[in-house]
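Here the structure is laid out as structure tokens; the discussion comes afterwards.
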Amino acid sequence: MTRPIRAVALISGGLDSMLAARLIQDQGVHVEGLNFYTGFCVEGHTHAIRRHDRDRPKRNNALWVAEQLGVPLHIVDVVEDYKDVVINPRHGYGQFMNPCLDCKGFMVARAREWMEQHDFDFIITGEVIGQRPKSQLRRSMPIVARESGAGDRLLRPLCAKLLEPTLPEREGWVDREQLLDWSGRSRKPQIELAEAFGFEDYAQPAGGCCFLTDPYYSRKLRDLWQARGERRYELDDIMLLKVGRHLRPRPHFKLIIAREEGENRFLQGYRRAFTHLEPVTHPGPLCLLDGEASDEDLQLAARLVARFSRGREAPSVTVAVAGAGGADRRELSVPPLPVEQVPQEWYIT
Amino acid sequence: MSDHPVLVDAQGLLCPMPVIRLQQAAADAESGDEIEVIATDPGVRADIPAWCRVHGHHVVDIQEEEITIRVRVRLR
Ligand code: SF4
């Protein structure tokens with residue numbers, strides 16, 4: 001008996017990859033999902049940090065998609081290996097810090113390895129020609145297939161009819177006639193097909209599948225590299241770029257100030273690793289300090305934190321300052337920094 | 001099959017890392033084994049059961065303690 005044909009689908013958690021996987025499932029192919037965790041992913045929990053976003057479903061979108069499709073999902077931690085993609089993209093960045101073309105090549109290459117290890121036959125992605133500048137141009141499609149090593153075992157069901165037939169089509173594992181010919185930026189066909197499949201409540205990220213397409217996030221990442229004098233990051237760094245107000249009053253340190261209760265709670269988990277400040281005499285935000293700070297810098301940081309506390313109009317606010325893990329804790333009584341002494345350039349937004 | 005649950009310490013990790021750790025532990029375990037994940041990210045309350053559903057594993061128990069959440073899973 002021959003075994004059923006098996007495909008591994010890249011599942012981002014968005015609609016396109018969900019539709020692509022479903023089209024292939026409907027042709028009787030056994031499909032399993034792969035999702036890559038890069039650290040930059042936009043997913044339900046990140047949104048749920050902030051209180052006003054709490055009504056949104058707190059879920060991992062890729063897992064939710066897998067459940068709708070009824071397929072196993074394998075989530076792969078690629079945080080370390082992905083750094084090279086973000087730091088040195090061979091094809092450069094898109095509009096912001098998004099290295100989409102390299103990113104696609106990287107993910108499809110990892111999917112190819114997975115396919116080979118698990119004895120699967122081909123790979124599916126939700127790419128649509130022309131949907132995103134650069135990475136989804138017609139001429140980018142062969143680049144991803146070639147650089148990933150997937151070659152013609154890479155099938156894009158949503159635009160396959162506009163491309164050369166791939167191995168799964170030529171071998172008759174899938175019927176090319178039932179694949180699609182989508183191109184362009186319109187979302188209408190996607191939404192109609194989702195409706196036809198009965199998919200509701202799917203995630204529709206505005207910019208893309210990750211924070212690197214966000215202009216504010218990209219600025220914060222560039223600032224981080226500039227301040228460090230090198231292009232490098234750790235997972236904590238890139239998680240923290242997703243939350244709080246970021247202010248850089250001096251080139252050698254920045255402050256991450258919680259904007260509300262949910263962020264306060266999130267930042268608490270990072271007190272073990274960062275110098276942190278918190279008002280004592282007045283309600284106010286937790287603040288992490290990233291970088292090196294002298295006593296004078298800490299005074300300034302405390303005055304800024306006081307400025308964002310409820311004591312902003314008070315003559316003096318006491319702010320607790322402690323090193324990573326609570327070391328060397330002391331209290332500073334400082335006058336809150338007046339608004340006119342907080343230049344706009346300090347804000348990294 | 002082992003008698004004691006395999007412990008996965010995912011404290012301090014943010015989702016989906018606890019799920020990834022559970023998945024790695026599951027890859028090394030056998031059918032019927034139990035794995036207990038200890039985490040601090042409340043996201044695991046939704047994510048671990050969702051991961052178990054798509055793989056056909058069984059969530060035996062979820063216990064909330066002061067700051068930790070313990071999820072016990074039996075592999076299919
Ligand atoms: S938006 Fe982000 S995850 Fe998506 S292809 Fe571009 S870099 Fe990769």
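All values below come from the heavy atoms of this structure, side chains included, with hydrogens, waters and symmetry mates left out. Labels below follow one simple rule: chain letters A, B, ... track the order of the sequence lines, proteins then strands, and each chain is numbered from 1.
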- Message: For B:Arg21, is the CZ atom crowded, meaning more than 12 foreign heavy atoms sit under 6.0 Å from it?
- Response: no

- Note on the structure: d(B:Asp47 CG, A:Ile75 CD1) to nearest 0.5 Å is 7.0 Å

- Message: Surrounding CZ of B:Arg76 (heavy atoms of other residues, nucleotides or ligands, distance under 6.0 Å), is the total greater than 12?
- Response: no

- Item | Atom pair CG/CD1 of A:Asn35 and B:Ile20 - distance to nearest 0.5 Å | 8.0 Å

- Message: Counting only non-hydrogen atoms closer than 4.5 Å, can you tell me which residues of residues 50-73 of chain B sit against chain A?
- Response: B:Ala50, B:Trp51, B:Arg53, B:Val54, B:His55

- Query: Nearest heavy-atom pair of A:Tyr37 and B:Cys15: which atoms, and what distance?
  - Reply: OH-O, 4.4 Å

- Counting only heavy atoms closer than 4.5 Å, note whether A:Val79 contacts chain B via side chain, backbone, both or neither. neither

- In terms of heavy-atom contacts, A:Leu73 and B:Gln23 come closest through O-OE1, 3.8 Å

